[in-house]
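Input: a single structure, listed below in structure tokens.
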Amino acid sequence: MKVFLRKCDSYDQVDDILQPVLKNYSGIFKSQESVLVKPNLLSARKPQDGVTTHPAVLESVLKFLISLGTKPFVADSPASSTLQKAAYESGILQVCEKYSVPIVELDDPVEVDGQVYKKIKISSKIFKVDKIVNIAKLKTHSQMILTLGVKNTFGCIPGLEKSGWHIRCATNENFAALLVDVHLLVKPVLTILDGIIGMEGNGPANGKLKHFGVIAVSESAFVLDHVICKKLSIDPEMIYTLKEALKRHLIPSYEIDGEWSSTIELPITAQALPVPKFLKRIARTIIRVPKISKKRCVQCKICEERCPAQVIQVSKYFIDYNKCIRCYVCHEVCPNDAIDLVRKFM
Ligand code: SF4
Ligand code: SF4
């Protein structure tokens with residue numbers, strides 16, 4: 001298995017850098033095949049916010065697929081916005097229009113069984129296409145620590161169906177098992193990582209912009225994610241999805257073509273408290289919980305609607321910490337960065 005790593009300083013250079021790499025994969029696709037392209041369209045954010053797949057990366061991939069005579073279309077199911085709004089704000093819609101490529105909602109769920117979880121409702125559109133191409137974003141994630149190629153296919157679970165899984169899974173380890181199950185069911189033939197400008201700190205939507213300057217491509221998102229972790233000097237066992245993938249022997253030996261490395265500030269939820277040794281046991285009892293900022297909250301109620309545990313009362317700025325499962329969905333979906341992650345004794 002091979003992973004291509006290419007340094008790429010700006011989105012103006014994407015096409016020149018990506019096309020020669022993509023040519024290595026021409027043999028995967030046949031003329032007239034339908035190809036579902038799955039970007040990261042988490043929410044209605046501008047390309048420069050570093051939240052969604054940049055339109056320049058999508059454009060380069062579409063150009064490649066069209067040149068092979070395939071019939072690509074773009075599909076996703078955003079977590080906190082309508083597809084049309086997210087596609088427009090992110091610039092994805094404009095690229096689709098330029099190439100007359102349809103953009104469709106990943107709706108119409110069908111129940112399928114994963115290796116660990118049964119009856120997973122995934123969009124039926126996934127199973128009606130010849131090939132799937134995954135275009136992920138390099139970002140931190142307050143719950144899963146990093147969101148890369150494997151996590152990106154979670155968007156194939158339609159809309160609010162996603163929320164219920166946070167409750168059903170209950171722990172980060174179980175949620176990672178679900179993400180791996182979903183990825184194995186979606187089975188993208190190619191994963192491309194937009195790591196030119198991504199996010200560090202408390203991602204995936206309200207972290208800090210970071211220029212990583214990389215594009216990565218591989219047939220295996222598990223391998224790609226593993227390589228990116230190593231190149232960011234992160235122990236892959238620390239990333240829940242990779243720990244699960246290693247447990248299931250989903251990461252074969254691989255070869256890296258290209259050079260790149262960088263650093264990343266992890267989310268506050270993954271950082272240990274800087275305390276002396278004798279206080280380590282006490283430090284382990286301190287958790288991070290979401291807290292609504294009265295100053296920044298605009299009472300849009302998106303967090304209240306999306307909280308899987310239904311424990312938020314925005315009008316009172318109240319969160320029931322006894323029932324909060326610390327999935328940080330509220331932090332992820334808040335359009336105003338009005339949820340802080342504060343320390344609390346268990
Ligand atoms: S915390 Fe954020 S998502 Fe929740 S109501 Fe306030 S602004 Fe909206
Ligand atoms: S309050 Fe936030 S972190 Fe807690 S369960 Fe609800 S969405 Fe998850």
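Each ligand, and each atom within it, is numbered from 1 in the order the structure gives. As the structure is a prediction and not an experimental result, all values here were calculated from the model.
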Glu259, CD atom: more than 12 neighbouring heavy atoms under 6.0 Å = no
Honestly, for Arg326 the part within reach of ligand 2 (heavy atoms, under 4.0 Å) is backbone
Salt-bridged, Glu33 to Lys131, with N to O below 4.0 Å?
-> yes
Under 4.0 Å, heavy atoms only, figure out whether ligand 1 is touched by the backbone of Val314, its side chain, both or neither.
-> side chain
Ligand 2 to Ile312, heavy atom cutoff 4.0 Å, flagged ligand atoms 1 (S)
Looking at atom 2 (Fe) of ligand 1, what's its closest protein heavy atom, distance included?
-> Cys334 SG, 2.4 Å
Looking only at protein heavy atoms, which one is nearest to atom 4 (Fe) of ligand 2, and how far off is it?
-> Cys324 SG, 2.4 Å
Does atom NZ of Lys316 have more than 12 heavy-atom neighbours from other groups under 6.0 Å away?
-> no
What atoms in ligand 2 come closer than 4.0 Å to a heavy atom of Pro290?
-> 1 (S), 2 (Fe), 3 (S)
Relative to the heavy atoms of Pro308, which atoms of ligand 2 are at a distance of less than 4.0 Å?
-> 7 (S)
When clusters are formed by joining ILVMFWY residues with side-chain heavy atoms under 4.5 Å apart, either directly or through shared neighbours, do Leu246 and Leu250 land in the same one?
-> yes
Distance-only donor-acceptor check, side chains Gln19 and Lys63, under 3.5 Å = no
Report the nearest protein non-hydrogen atom to atom 5 (S) of ligand 2: residue, atom name, distance rounded to 0.1 Å.
-> Ile325 N, 3.4 Å
Nearest protein heavy atom to atom 7 (S) of ligand 1, by residue and atom, and its distance?
-> Val298 N, 3.4 Å
Ligand-side contact atoms (ligand 1) for residue partner Cys303, heavy atom cut-off under 4.0 Å | 1 (S), 3 (S), 4 (Fe), 5 (S)
Name the closest protein heavy atom to atom 8 (Fe) of ligand 2, giving the residue it belongs to and the distance to 0.1 Å.
-> Cys327 SG, 2.4 Å
What distance separates Lys162 NZ from Leu160 CG, expressed to the nearest 0.5 Å?
-> 8.0 Å
Here the atoms of ligand 2 under 4.0 Å from any heavy atom belonging to Ile319 are 1 (S)
Residue Lys301 vicinity, atoms of ligand 1 by number, heavy atom under 4.0 Å | 5 (S), 8 (Fe)
Run the ring-centre check on Trp165 versus Phe154 and record whether the distance is less than 6.0 Å.
-> no
For Tyr328, the atoms of ligand 2 under 4.0 Å from one of its heavy atoms are 3 (S), 8 (Fe)
So is Cys330 in contact with ligand 1, going by heavy-atom distances below 4.0 Å?
-> no
Can you sort out which atoms of ligand 1 are near Pro335, meaning under 4.0 Å from one of its heavy atoms?
-> 3 (S)
So which heavy atom in the protein is nearest atom 6 (Fe) of ligand 2, and how far is it from that ligand atom?
-> Cys307 SG, 2.3 Å
Mind checking whether atom 2 (Fe) of ligand 1 has an N, O or S of Cys300 under 2.8 Å?
-> no
Close aromatic pair by centroid cut-off 6.0 Å: Tyr254 and Phe222 = no
Heavy-atom contacts with Val311 under 4.0 Å: which atoms of ligand 2 show up? List them by number with element.
-> 1 (S), 6 (Fe)
Can Thr263 and Lys210 be counted as having a side-chain donor-acceptor contact under 3.5 angstrom?
-> yes
Side chains of Asp108 and Ser124: donor-acceptor distance under 3.5 Å anywhere?
-> yes
Verify the distance criterion only: is there a donor paired with an acceptor across the side chains of Gln143 and Tyr240 at less than 3.5 Å?
-> no
Would you kindly say whether Ser142 and Asn202 are connected by a side-chain donor-acceptor distance under 3.5 Å?
-> no
